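Keep in mind the model is a prediction, meaning the values are calculated, not measured.
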Amino acid sequence: MLATAGGVLFAGALDRYFTAYDSANGKALWKSRLPDVPSAAPITYSVNGRQYVAIAVGGNGLFSQGLKHPEPGPGKYMVFALARPPQ
């Protein structure tokens with residue numbers, strides 16, 4: 001899970017959903033289906049004033065060993081641009 005200064009929590013789960021939650025009340029704000037299970041914690045970064053959140057999925061990640069899950073696909077990064085607040 002990743003906590004942001006803006007009060008949003010991001011979490012990827014074994015059900016292949018990547019979800020943003022309001023940290024004040026736990027309400028889901030947004031979610032997206034990932035092409036594979038997360039293999040690392042999400043990160044956030046900024047480029048030219050635009051903020052992004054990224055998560056690694058697939059590959060030989062933390063949750064693929066010994067759990068009888070389908071063989072993981074190739075590793076990749078899913079990157080999402082965050083909406084800019086109203087001016």
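For the atom pair L82 CG and T44 OG1, the distance stands at 5.5 Å (nearest 0.5 Å).
Follow the hydrophobic side-chain contacts under 4.5 Å out from M78 and you reach V53 in the same cluster. Under a hydrophobic-cluster definition in which Ile, Leu, Val, Met, Phe, Trp and Tyr are linked whenever side-chain heavy atoms come within less than 4.5 Å, directly or via other members, Y21 and F10 are assigned to different clusters. There is a path of hydrophobic side-chain contacts, each under 4.5 Å, that joins I43 to V79. Under the 4.5 Å side-chain heavy-atom criterion for Ile, Leu, Val, Met, Phe, Trp and Tyr, L2 and I55 are members of the same hydrophobic cluster.
Other cluster members for Y17: none, since no ILVMFWY side-chain heavy atom sits under 4.5 Å from it.
The 12-atom threshold is exceeded at OH of Y52, counting heavy atoms of other residues, nucleotides or ligands nearer than 6.0 Å.
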Scan the side chains in residues 27-35 for donor-acceptor partners under 3.5 Å anywhere in the protein, sequence neighbours excluded, and list what turns up.
residue	atom	partner	partner atom	Å
R33	NH1	D15	O	2.4

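Pairing each heavy atom of A13 with each of P38, the nearest pair is O-CD, 3.1 Å. The two residues D36 and R16 have their closest heavy-atom pair at OD1-NH2, 3.5 Å.
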